[in-house]
Amino acid sequence: MAFGGDVSRVWTSVTATQTAPTPRLIAVCAAVGFGLVVWSQAWRYTRHLVTICHEGAHGLAALCSGRRLSGIRLHSDTSGLTLSRGRRAGPGMIVTSAAGYLGPGLIGLAAAYVLHRQHAVALLWGILALLALLLVQIRNWFGLWAVLVTATAVFAVSWWAPPQWQSALAYVGTFFLLLAAPWTVLELQVARRRGTVRDSDVDTLARVTRLPALLWLVVLLAGTLATLGLGSYWIVGHRFF
């Protein structure tokens, strides 16, 4: 009976709509999300969330493009590795390689649409489901710990926090992903210029397609900026246009 009641509670919260926060509160959430990206002390930790999305996007793209996913590793230095089997060239490899840096922005864009439909709590449960699916593909202890900690935090807010805090977390997380996506592309270019990155996703794309890595970097930056713009419009722009 208790289990049935819990399931009913989750289903009710997932299907219910929540009143959109005031413009002022949305602005505060956007500012917090921005701070979690540009403040270096916070970015040292929050970047792990971007890595989870990045590697998860690689894994999903590999599966959708017909490759065989071997596993995902997340490292304490915020780097990650997704292993998949298949052709070393061709559309599948291109899609899989490009998905990483686009992933956080696309997840943020999907989250923005859910918030636009006023389903903030459903968004949190959806993220929890995605983390559960990712968990079975993790192949190292730090990655396991990182995903479990993230999932535990999301579950705690989804289950025990008052509705206004649930909504605030959903908005902050969405703005964070939308802003972090282009930021990581810019970080990549800085690292490439300094020579600290030798085999990035754009270098893989350059080898596979024989197009310059810089061109791919511009494409990824344009894609992440597009998700930022559209996602922001879905959250706040429709109120004014």
Side-chain angles (χ1 to χ4, degrees), residues 29-62 72-83 93-112 127 130-131 134 138 140 142-143 145-147 149-150 171-209 211-232:
C29 292
V32 173
F34 181 74
L36 293 175
V37 174
V38 300
W39 185 30
S40 59
Q41 295 302 314
W43 185 239
R44 291 170 54 191
Y45 303 100
T46 58
R47 201 182 193 284
H48 288 289
L49 302 177
V50 182
T51 303
I52 290 173
C53 296
H54 181 112
E55 300 303 330
H58 275 315
L60 179 60
I72 296 173
R73 294 176 178 270
L74 306 172
H75 304 136
S76 59
D77 62 354
T78 73
S79 65
L81 178 65
T82 298
L83 300 174
M93 191 63 184
I94 295 172
V95 170
T96 300
S97 299
Y101 281 96
L102 294 174
L106 291 173
I107 294 172
L109 182 62
I127 291 173
L130 291 176
L131 289 170
L134 177 65
I138 298 297
N140 68 324
F142 181 84
W145 178 84
V147 175
V149 167
T150 304
Y171 276 86
V172 169
T174 300
F175 278 117
F176 169 76
L177 290 177
L178 290 172
L179 291 162
W183 187 265
T184 54
V185 178
L186 294 174
E187 274 192 337
L188 172 61
Q189 176 58 13
V190 171
R192 294 182 74 251
R193 291 187 63 181
R194 292 176 177 174
T196 56
V197 174
R198 296 177 179 269
D199 192 22
S200 65
D201 291 342
V202 293
D203 296 306
T204 300
L205 288 166
R207 287 196 303 270
V208 173
T209 64
L211 296 174
L214 183 59
L215 175 61
W216 279 108
L217 192 141
V218 171
V219 170
L220 295 179
L221 181 60
T224 55
L225 289 174
T227 58
L228 171 59
L230 181 55
S232 299

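Numbers here simply count residues along the sequence, with the first being 1.
Remark: Thr196 pairs with Ala191, Arg194 by the side-chain contact (heavy atoms from CB on, under 4.5 Å) rule, at least two apart or across chains. The side-chain contact (heavy atoms from CB on, under 4.5 Å) test applied to Leu102 returns Leu106, Leu220, Thr224, not counting sequence neighbours. Annotation: side-chain contact (heavy atoms from CB on, under 4.5 Å) contacts of Val218 (sequence neighbours excluded): none. For Trp145, the ring pair (Phe, Tyr, Trp, His ring centres under 6.0 Å) partners two or more places apart in sequence, or in a different chain, are Phe142. Every residue two or more places apart in sequence or in another chain that forms a side-chain contact (heavy atoms from CB on, under 4.5 Å) with Val37 is listed here: Trp43, Phe176, Leu179, Ala180, Trp183. By the ring pair (Phe, Tyr, Trp, His ring centres under 6.0 Å) test, His54 pairs with His58, Tyr101, sequence neighbours left out. For Ser76, there are no side-chain hydrogen bond (donor to acceptor under 3.5 Å, both in side chains) partners two or more places apart in sequence or in a different chain. Contacts of Asp203 classified as salt bridge (charged side-chain N to carboxylate O under 4.0 Å, His left out), with partners at least two apart in sequence or in another chain: Arg192.
Heavy atoms only, all atoms of each residue included: Gly143 and Ile138 are closest at C-CG2, 3.5 Å. Nearest heavy-atom pair across Ala61 and Ala99 is CB-CB, 3.5 Å. Shown here for Thr174 and Gly108, the closest heavy-atom pair between the two residues is CG2-O, 3.5 Å. Considering every non-hydrogen atom in both Gly56 and Leu134, the closest pair reads CA-CD1, 4.1 Å. The heavy-atom pair separating Val197 from Ser200 by the smallest distance is CG1-CB, 3.6 Å. When all heavy atoms of Val50 and Pro104 are compared, the pair lying nearest together is CG1-CG, 3.8 Å.
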For Thr204 and Met93, what are the C-alpha separation, side-chain angles and deciding distance, and is it a side-chain contact (heavy atoms from CB on, under 4.5 Å)?
CA-CA 9 Å; Thr204 300; Met93 191 63 184; 3.8 Å; yes
Under the criterion side chain to side chain donor-acceptor pair (under 3.5 Å), I'd like the reasoning laid out for Trp216 against Thr209: C-alpha separation, chi angles, the key distance, then a yes or no.
CA-CA 10 Å; Trp216 279 108; Thr209 64; 2.9 Å; yes
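A 4.5 Å side-chain heavy-atom check between Leu131 and Ile52 finds at least one atom pair inside the cut-off. Contact of the Leu211 side chain with the Leu205 side chain is not registered, since no non-hydrogen atoms from C-beta on lie closer than 4.5 Å. Side-chain contact check for Asp201 versus Leu188: every heavy-atom pair is 4.5 Å or farther apart. In this structure the side chain of Ser97 never reaches within 4.5 angstrom of the side chain of Val208, judged on heavy atoms.
Residues in residues 34-61 take part in these salt bridge (charged side-chain N to carboxylate O under 4.0 Å, His left out) pairs, two or more places apart or across chains: Arg47-Glu187.
Checked by atom type and distance alone, the side chain of Asn140 pairs as donor or acceptor with a backbone atom of Leu74 at under 3.5 Å.
Between the CG atom in Leu177 and the CD1 atom in Ile127 there is a gap of 7.5 Å [rounded to 0.5 Å]. In this structure, Thr82 OG1 and Ile72 CD1 are separated by 4.5 Å, a value rounded to the nearest 0.5 Å. Here the NE2 atom belonging to His48 is positioned 9.5 Å from the OG atom belonging to Ser79, to the nearest 0.5 angstrom.
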